[in-house]
Structures are given as structure tokens and as C-alpha cells.
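For the numbers below, each heavy atom of this structure counts, side chains included, while hydrogens, waters and symmetry mates do not. We name chains A, B, ... by the order of the sequence lines, and we start the count at 1 in each one.
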Protein chains: 2
Amino acid sequence: MSCEGDTAEELRHTGRRFTVQRLKVAAALRHCGGHRTAEEIHDLLAAQDPHASMPLSTVYRTLATLKEARLVAEVDNGGPAAYEWVAEQPHHHLICQRCEADLDLDPRLLADLAGRIEAETGFEAYLDHLAIQGRCAHCRDHGA
Amino acid sequence: MSCEGDTAEELRHTGRRFTVQRLKVAAALRHCGGHRTAEEIHDLLAAQDPHASMPLSTVYRTLATLKEARLVAEVDNGGPAAYEWVAEQPHHHLICQRCEADLDLDPRLLADLAGRIEAETGFEAYLDHLAIQGRCAHCRDHGA
DNA sequence: GTTCATGCAAAGCGTTTGCACGCAT
DNA sequence: ATGCGTGCAAACGCTTTGCATGAAC
């Protein structure tokens with residue numbers, strides 16, 4: 001799949017400019033496909049291409065732009081903010097408050113929720129990347 | 001209802017000490033009953049009792065303690081962390097990514113979700129204070 | 001008496017911002 | 001040619017931490 005075409009078009013479509021930096025950040029997120037912090041993306045890009053380094057501030061600004069264009073989503077869990085490419089397939093995260101494990105959740109369990117919320121409140125819920133706090137099976141058994 | 005007794009007992013029960021500061025923070029959160037940031041709690045306490053002021057660092061440490069004891073929950077949404085008393089009644093938040101409005105959600109829509117998640121994954125989901133990102137009805141109609 | 005929590009101040013970290021330059025349009 | 005995006009560096013806000021004092025056990 002061509003990241004280039006999609007990203008460029010999506011950006012220009014919303015009146016934003018298409019730059020090398022935006023392409024690189026988008027490609028990095030799209031390729032590695034989990035949550036990544038701004039610093040992780042920065043380091044990843046630096047490792048890929050040591051010659052053309054990008055300052056962290058640009059990564060932050062780029063991520064903000066991509067988020068506004070709804071190409072990436074931001075996930076906040078206490079630590080540094082994480083970003084992920086908005087995938088075609090919705091997926092959710094079960095985050096253990098004790099060991100900080102990040103488990104996957106079958107999206108079918110939430111399939112109809114967005115519709116019900118919208119019907120009741122008019123709120124358009126972005127349920128393609130939900131983070132649910134709790135305690136994983138392992139930590140429930142052992143420890144407090 | 002007596003905040004004092006419950007809070008004291010719950011703390012001591014988990015091997016923690018009961019102090020005036022912990023009581024005050026717990027009472028403040030319990031009384032005003034929404035999300036409050038550490039700074040809001042600090043200011044609130046200062047306003048209530050100008051003589052006995054508490055440094056912000058103590059508020060943070062106290063909130064961390066109360067969170068560990070599962071008396072309060074932390075909510076992260078990009079800005080400063082917010083804390084709220086773990087209520088008997090579950091309630092959820094619909095947060096508009098554009099205007100940052102915070103709407104309430106009927107908890108019945110999520111009533112059976114925790115059970116289904118636990119049955120499938122063994123993960124104990126804390127679904128009494130879920131934050132769902134999205135776009136409110138007003139921002140969907142007007143603006144981008 | 002021992003251990004843990006507090007107050008104070010200072011540092012830490014993640015993130016944002018101002019400004020001059022350069023590139024996409 | 002115009003205006004938005006970038007790089008650089010500095011600042012910002014939220015949060016944490018070290019250490020000595022004081023309170024809870």
C-alpha cells in the first residue's frame with residue numbers, strides 16, 4: 001500500500017501542506033503499528049536515516065497536525081502521550097493499573113456501543129481506539 | 001455520611017497511615033464530586049481554611065496514595081491529570097476532542113461490558129469511570 | 001522508639017512556543 | 001510571491017524528588 005499517496009491527499013484535502021516530515025512521521029507510525037511516543041518516533045526516524053534528523057518539536061507539531069486531520073489518534077495514560085495510526089480495524093487496549101501491561105480486546109465486544117451512544121446523546125464516539133483501565137488476570141491473582 | 005470513618009479505616013486496612021492531609025483531600029474530592037486537578041484541590045483547601053495551607057506536592061502524594069488504596073481514580077485527558085472520588089454509582093465521560101466539553105453518559109449502556117470482558121480475557125475492567133473521546137453534537141454540526 | 005508522611009525547595013520531564021529561515025503552494 | 005512549516009533554542013507547566021522535621025503507629 002502506498003502511504004505516500006494517501007497521506008498526501010488526505011493532508012491537502014483538508015487544506016494542509018504535504019511535507020517530508022509529515023510523510024516520515026506518518027510512515028513510521030503506519031509501519032510499526034502500535035502506540036509510540038513522540039520520542040520513540042523521533043528516535044526511530046533518527047535510526048532509519050541518521051543524516052536527516054528532525055527535532056522533537058517538529059515531531060510534536062507534526063503529530064498534532066496528523067491528529068487534527070484524524071490520521072492518527074492520541075492515547076493518554078499517565079505517562080508520555082502515545083500516538084497510533086488510525087487503523088481500518090478498530091482495536092482496544094486493556095491497561096493494567098498495576099503492571100502496566102497492555103492487552104488487546106476483541107473489538108466485537110464494543111461493536112454496537114458507538115451507535116447506541118450516538119442515538120442517545122448525539123455524541124459521535126471514537127471507539128476505534130479505546131483504553132480501558134483495570135487489573136490483568138495475573139495481577140488480580142498475585143499481589144494486592 | 002461520615003467520610004472520616006470510612007477513609008481512615010480504608011487507609012489503615014491497607015497498612016497506610018491516617019493523616020489530616022489525607023482526610024482533607026479525600027473530603028474535598030468526596031464533597032465536590034467531579035474531576036478535580038491537583039491544583040484545584042489545593043486551591044479549594046486553601047480557600048476553605050487559609051490558615052492551614054498544604055503544599056501542592058503533598059496533594060500529589062496524597063492523591064497517589066488514595067489512588068493506590070482505590071479510593072480515588074485518576075483520569076488523563078491530555079491536560080493536567082484529574083482525580084475523582086470512586087463513587088458508588090458508575091458514571092462515564094464523553095469528551096469532545098474539539099471543544100473539550102465533558103458530557104455524561106448513561107452508565108446502563110456499559111452495564112454488562114465489564115462482565116463480558118472479564119469472561120473473555122480475565123481482565124478486571126474498572127468501568128466505573130470511563131472516558132470516551134469523540135465529538136459532541138454541537139461540534140459535529142458546526143466546524144470541521 | 002521506630003517508621004512513615006510532610007513541608008519546603010529544587011530539579012525533572014514532556015511538551016509548547018517565538019522567531020528567523022526555507023519550502024510548498 | 002505568499003504564507004505555512006521547519007529548525008533551533010529557550011521557556012513553560014505539571015509533576016516528582018531529596019532531605020530534614022514532625023507526626024502516626
Practice item. With heavy atoms under 4.0 Å as the rule, sort R61(B) into base, sugar-phosphate or nothing. Key: base
Practice item. Using a heavy-atom cut-off of under 4.0 Å over every strand shown, decide if A38(B) touches base, sugar-phosphate, or nothing. Key: nothing
Exercise for review: Check whether V75(B) and V75(A) end up in the same hydrophobic cluster, where Ile, Leu, Val, Met, Phe, Trp and Tyr are linked by side-chain heavy atoms less than 4.5 Å apart.
Suggested key: no
4.5 Å side-chain heavy-atom contact, [X] and [Y]:
{"X": "L44(A)", "Y": "Q48(A)", "result": "yes"}
{"X": "V25(B)", "Y": "V72(B)", "result": "no"}
{"X": "R135(A)", "Y": "Y126(B)", "result": "yes"}

What side-chain donor-acceptor pairs closer than 3.5 Å can you find for residues 111-122 of chain B, not counting sequence neighbours?
residue	atom	partner	partner atom	Å
E118(B)	OE2	R140(A)	NH1	2.3
T121(B)	OG1	I117(B)	O	2.8
T121(B)	OG1	F123(B)	N	3.1

Practice item. Determine the minimum heavy-atom distance between A125(A) and I132(B), stating which atoms define it. Key: CB-CG2, 3.7 Å
Enter the distance from [X]:[atom1] to [Y]:[atom2] here, rounded to the nearest 0.5 Å.
{"X": "F18(B)", "Y": "R12(B)", "atom1": "CZ", "atom2": "CZ", "result": "6.5 Å"}
{"X": "E10(B)", "Y": "R22(B)", "atom1": "CD", "atom2": "CZ", "result": "13.0 Å"}
{"X": "T19(B)", "Y": "K24(B)", "atom1": "OG1", "atom2": "NZ", "result": "10.0 Å"}
{"X": "Y83(A)", "Y": "T37(A)", "atom1": "OH", "atom2": "OG1", "result": "9.0 Å"}
{"X": "L23(A)", "Y": "T7(A)", "atom1": "CG", "atom2": "OG1", "result": "6.5 Å"}

Study note, to complete from the structure: L63(A) CG to dG14(C) P, in whole Å, measures 15 Å
Point to revise | Atom-pair distance (NZ on K67(A); C1' on dT15(C)), nearest Å | key: 13 Å
Exercise for review: Using Watson-Crick or G-U wobble pairs with both distances under 3.5 Å, give me DNA chain D in dot-bracket, 5' to 3', with [ ] for crossers and | for pairs to another strand.
Suggested key: |||||||||||||..||||||||||
Revision key, fill the gap. From the list I41(A), D49(A), D43(A), side chain to side chain contact (heavy atoms under 4.5 Å, CB included) partner of L45(A) resolves to I41(A)
Distance-only criterion, 3.5 Å: show the donor-acceptor pairs between side-chain atoms of residues 58-69 of chain A and protein atoms not counting sequence neighbours.
residue	atom	partner	partner atom	Å
T62(A)	OG1	T58(A)	O	2.6
T65(A)	OG1	R61(A)	O	2.9
K67(A)	NZ	E74(A)	OE1	2.9
E68(A)	OE1	R16(A)	NH1	3.1

Practice item. With DNA chain D as reference, determine whether Y83(B) or T65(A) sits nearer its 5' end, using the nearest nucleotide of each. Key: T65(A)
Practice item. Using chain B heavy atoms and a threshold of under 4.0 Å, write down where along DNA chain D the contacts begin and end, 5' to 3'. Key: dC14(D) to dC25(D)
Check your understanding: For dT16(C), does OP1 or OP2 lie under 4.0 Å from any side-chain N or O of Y60(A)?
Key -> no
Check your understanding: Quick one, which residues of residues 41-57 of chain B touch DNA chain C with a heavy atom under 4.0 Å?
Key -> M54(B), P55(B), S57(B)
Study note, to complete from the structure: Under a 4.0 Å heavy-atom criterion, the protein footprint on nucleotides 20-25 of chain C, written with B, S and -, is ----BS
